Amino acid sequence: MSIRKTVFLISFFLIALPLLFFTIYEYNMVNERILLTRSRALAEFATTQGETILQVASLMQTQSSSFTREIGQEDYTDDDLKDPLIIERINGILQGAVHEMAYTLDGSSRVMDYILLDGEGYVRASYQKDIIGNKLKGSPLYEVLTDTNPMSSFCESPFRAGEYGIWVTRRLSLNSDMLLSAFITTKVFAGQLNRMRLEQTGFGMILFDGDRVLSHPDSAYINTLIDNEEISSLYGEAMAGQVNMTGKGRTELFGVNSLYGYCVVKELGINVLVIQSVDEALITNMSFLWEAAIAGIVFAMVGIAIMMPLIQRKLIVPIIHLRESMLNATTGAYEPCLVKVGNEVGDLVNGFNRMVDQINASIMSLQHANDALRNAEENLQCDKERLKVSELRFQVATELSTIAVFELMSFTDEFFASDSWESITTYPGMDVFPREYAIRYIVHPTERPAVLKWSNNMETRFDEDLRILTSAGDYKWIHLSMAQITDEVTQVKKILGTVTDIHERVLAQERATYAAYHETLTGLPRRILFTQEVDVNLQRLRTNFWGVVFILSMDNFKRINDIFGFSVGDQAICSVAAMMQDRFEGMLYIARNSGNSFLMYAECPRNISNILELTRNILQVFKVPFAVGDLTVDIRVHLGAALYPDHGQDCSELIRNADIAMHDARYEQRQEFAIFAPSMQAKLERTHQIMEVLRELSAGRTPLVQYQPIVRASDLELLGFEVLVRIKESPIGMISPAEFIPLAEESRLIIPIGAAIMREACRKTKELIDAGHELHHMSVNVSTIQLEDPLFLDMVFDALNEVGLPYQKLQIEVTESLMISDLEISGRKLTQLRKNGIRIALDDFGTGYSSMKYLRTIPLDVIKIDKHFIDEIDLGYQNVFAVTMIQMAHDLNLEVVAEGVETEKQFRLLRDNKCDAIQGYFISRPLDFQDIDEFLVKLRKKKEELL
Ligand code: C2E
Ligand code: MG
Ligand code: MG
């Protein structure tokens, strides 16, 4: 919170809080005062009322005495009063007087009564006509009326039930027993009191005997006992003269905390009580409290408004300036604060300014120190330069320890050498053995001729790296530099020279060179070394020899990596390298070309059979699975060869062409091996073009497919179709599956393309079924690459579910090209499919080299005998294979489909030998979807012809 806000809040509370406390204190004080004055007023009011009642009583007495005087003058006897005329007259007098008085008091005549009693106590005249003639003597009222003198008392009226009032009784004359009683009801006073109510609850009441409520604004309380000790005893004490007849107090009355004022009218024996609720009495003061609070706040605001400019000038502005100066100081601007005030903030500003001065002074001295330091640093730099020079000298001196200087007398063989001679050469001196011996036995045979040559004439300077045999029996690299000189003074000839220890340097160089030329995983030469070495050898090649460069590609290396992991892949590469080196040591120079291919070089006499022989031997190595750790892995290879000088003038060209040959073997010839031919170049280009087409196809286009019918052999009933993919139109025209499927597999584009084929096949099958065709199944070819894809199962189920094709309607054809080692994984997936009702067929049965193993490992429903075996039927011999296969399949509970049935002869033989189904041009070529109906018509005709 900013200092301005803080000061404002503090000032506000400093003014407002005391004001608040004062207001509350004052409020309480005023409350007390109000209660006091209010109860005093109540007492006065009660007194006034008491006096009024008393005055009324005495008025009545005066009235009564004047009546009695008026009537008493006549001196009536009791008998006179029996005279109706006299009574009439008296009544007239009394009624007139009563009326007059009652009207004066209350405005009505119903507040007063009178009775005239004769000497025997009979009522002779009355306001209440019906009691005239009644005898009152002996009644309690008569007792009360005659009890006091002057006879005025408080008593219940016998004519008005529950109504009390003042009775004033007088004798008509001194010598008469006749009494005149006038009655005035307390309602006169109560009515007045009630009319004079104080606010809401203040009221007066009249008590009789001190304990009974005679009058109350709420009539429910009238005639009830007053349950309040204080009030009851007050009455008693006042009557007994122990307390004032009038007074005030505060008590709980009728469940309300009340103020009261009282006045006991002793003459009449009543207590006039005026009460008011305390809360009500204080209600006016409550509004005063609010007004005081608002006034306090206004006062506080005004106070602040007056004080703020002062606080602003004296406190806030200086503090803000000081803060700015301090913040500037944190950024490095040490400037004094220019505010002047004569209070503690001013002291603070002064302190800050002093500090700034000190800091500025320190900065100045620091700058001086810095300058001095910079000078020192420059000096140090000079020292460093000097140090460098001396270090260099030291280094030279150290290096000198790897150099020895020597001197050898040409004729005497006397020898002198510097100290390091022995540590370098491992011999104490040259003179330990004859010079000839040294050259012959100590120098390495390779460098020996050069030394010998020099020693024969010694005319030039000798300067060579060479190896010497150390006293420990190893060779060591030294650099020997020497020349023969003739001492000008003595004319003595001597050899002067230096020996430098270069052994470590040469070894390090050799290691680096080796690493640059050899591959780390297998230790085999790299392609660069291979090229250099082969080029050297090609130059030396004998004329009737070929230099042959092979490229051996491990085709399924990527799959091995994918399935078993890179470490198994690496081990497989190492195993191949080791095996090849072992088998062909001295015959082949082997190098690693790239991740999955090897380069090999051989020289052999110019006869093609030699090359074929060598090739066979190489391929033979891969005919058995390789042991890699605990696993056995099938390694499939393709081999390409290029010959020098026919297919290239140097190694690089030969490698390029061998690579083309290898690709040709793989994709074109579908063989394991090929020797380069110039025509292959063009084919390679076609391969690239096909790849382009495949890439486009894989980008989501629905592939074109044809449907080749499969029919039951016994009755030619249609069983289903095989779905065959087609590329009919492309920039290079039609491409056959045999050409593009291997490329699609190699590039793994078969995964998206295969998925699209599966979707199309399912969609079209559903269409056929919906159109009413009875189809047992639709057979879709699935490549091993697709099977290995982790999403393969999802892909198949999604394609089926998408169109709602029953699972039983799908047949999947797999070929024997699965690697033996991943049979298990693929087998598991196929089992999963089969459990869901999808049929599995083994395609091209009999062409792979592990057919039997497949039969055991893969869950199958059908085998499809390859066309190759069917063709043999027509040749008239060897139909035994097809027949045996049918029998074997039946023994294994498998259905048999014969593929590529082209002739009636083939059909009949197959049918006779219980082949289950046939497929081939004899029945139909693969059809476009829209031609299926037409085919079915033809099929019916064919049936009629054949069956
Ligand atoms: P495949 O699965 O063994 O298919 C049978 C091949 O034999 C088809 O060749 C078919 O046209 C051909 N054929 C059928 N009857 C006869 C006949 O009486 N005489 C002759 N000469 N040939 C007949 P196509 O369509 O060229 O397919 C070749 C191979 O390409 C297929 O062999 C299959 O392995 C593969 N292929 C075809 N379509 C697909 C596909 O959609 N996916 C996958 N992964 N491979 C496919
Ligand atoms: Mg097939
Ligand atoms: Mg086939």
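Side chains included, hydrogens not; waters and symmetry mates left out as well; all remaining heavy atoms used. Quick caveat, the model's predicted, so the values are computed rather than measured. Whatever order the structure lists ligands and atoms in, that order sets their numbers, starting from 1. Throughout, numbering of the chain's residues begins at 1 and tracks the sequence.
Ring to ring, Tyr601 and Phe550 are not that close: their centroids are 6.0 angstrom or more apart.
Ionic pairing of Asp715 and Lys943 is not present here: no N-O contact between side-chain nitrogen and carboxylate oxygen is shorter than 4.0 angstrom. Using a 4.0 Å cut-off between charged side-chain N and carboxylate O, Lys683 and Asp664 make a salt bridge. Under 4.0 Å is where a charged nitrogen must lie from a carboxylate oxygen, and between Glu739 and Arg686 at least one such pair does. Here Glu945 does not pair with Lys942 in a salt bridge; the nearest charged N to carboxylate O distance is not below 4.0 Å.
Around the Mg ion (ligand 3), the protein atoms of type N, O or S found under 2.8 Å away are Asp843 OD1, Asp844 OD1, Glu899 OE1, Glu899 OE2, listed by chain and number.
The side chain to side chain donor-acceptor pair (under 3.5 Å) search around Glu904 returns Arg908, not counting sequence neighbours. Evaluation of the side chain to side chain donor-acceptor pair (under 3.5 Å) rule for Arg592 yields Glu519 as partners, not counting sequence neighbours.
Cation-pi geometry between Lys764 and Phe929 is satisfied (NZ or CZ under 6.0 Å from the ring centre, within 45° of the ring normal).
Taking CD1 of Ile753 as the reference point, atom CD1 of Ile741 lies at 7.5 Å (rounded to 0.5 Å).
The 12-atom threshold is not exceeded at CZ of Arg925, counting heavy atoms of other residues, nucleotides or ligands nearer than 6.0 Å.
The protein residues lying under 4.0 angstrom from ligand 1, judged by non-hydrogen atoms, are Gln708, Glu722, Leu724, Val725, Arg726, Pro737, Ile741, Ile757, Asn781, Ser783, Gln786, Glu813, Asp843, Asp844, Lys867, Glu899, Gly900, Val901, Glu902, Gly920, Tyr921, Pro926.
Note on Glu722: its N/O/S atom closest to the Mg ion (ligand 2) is OE2.
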